[in-house]
Amino acid sequence: FLASRSAKWWEVGASLFASNVGAEHFVGLAGTAAYSGIAVGFYEWGAVLCLMALGYLFLPPYLNSAISTMPDFVERRFSRRCKDALIVISLFLYVVTKISATLYAGQLIVAEVLHINEFVATIFLIADT
């Protein structure tokens with residue numbers, strides 16, 4: 001998971017960037033920027049500053065305690081039940097928010113590029129994933 005702590009900083013940064021960019025960025029942010037202007041780009045630049053501040057504040061305690069995931073931290077700090085609750089809530093919210101938005105944005109792109117029905121594009125994305 002952590003590459004035995006041998007990953008270089010730029011590899012970790014590239015991994016975080018690649019895992020963060022999805023279809024909703026290409027459709028949502030690009031569409032909003034085309035409609036209202038480049039000011040929407042501050043959303044991403046602001047995220048960089050927030051992530052750097054969070055890394056500066058929270059990364060040292062995580063590294064010192066050899067914790068690699070948030071559920072591990074919650075279990076160590078509270079209990080196994082709290083860890084399980086966090087996992088269930090996180091998975092539910094991820095499916096309801098992130099995956100559904102990504103599928104919707106992705107099917108818009110696929111349907112437009114391949115000139116196919118939106119339902120067929122959604123099934124294609126689910127099957128391909």
Handout entry: Closest contact, heavy atoms only, Phe78 versus Cys82
Key = CB-SG, 3.8 Å

Problem - Nearest heavy atoms of Pro60 and Gly55, plus distance in Å - result: CD-O, 3.6 Å

Problem - side chain to side chain donor-acceptor pair (under 3.5 Å): pairs with one or both residues in residues 78-89, sequence neighbours excluded - result: Glu75-Lys83

Handout entry: Polar side-chain atom of Arg76 near backbone of Ser65 as donor-acceptor pair, under 3.5 Å
Key = yes

Practice task
Give a yes or no answer on whether the side chain of Ser100 reaches the backbone of Thr97 with a donor-acceptor pair at less than 3.5 Å.
Solution key: yes

Drop me the distance from [X]'s [atom1] to [Y]'s [atom2], to the nearest 0.5 angstrom.
{"X": "Ile89", "Y": "Leu93", "atom1": "CD1", "atom2": "CG", "value": "7.0 Å"}
{"X": "Leu125", "Y": "Ile99", "atom1": "CG", "atom2": "CD1", "value": "12.5 Å"}
{"X": "Phe73", "Y": "Leu86", "atom1": "CZ", "atom2": "CG", "value": "11.0 Å"}

Practice task
Tell me, please, which residues at least two apart from Glu11 pass side chain to side chain contact (heavy atoms under 4.5 Å, CB included).
Solution key: Ala7, Lys8

Practice task
Identify, with sequence neighbours excluded, every residue that meets side chain to side chain contact (heavy atoms under 4.5 Å, CB included) alongside Ala121.
Solution key: Gln107, Val110, Ala111, Ile116

Problem - Results of side chain to side chain donor-acceptor pair (under 3.5 Å) for Thr122 - residues two or more places apart only - result: none

Problem - Transitive ILVMFWY side-chain link Leu51 to Leu59, under 4.5 Å - result: no

Problem - Ile109-Ile123 co-clustered via ILVMFWY side chain contacts under 4.5 Å - result: no

Practice task
Using the ring pair (Phe, Tyr, Trp, His ring centres under 6.0 Å) rule, collect all pairs that involve residues 83-129, keeping only residues at least two apart or in two chains.
Solution key: none

Problem - Ile87: hydrophobic cluster co-members (side-chain, 4.5 Å) - result: Leu91

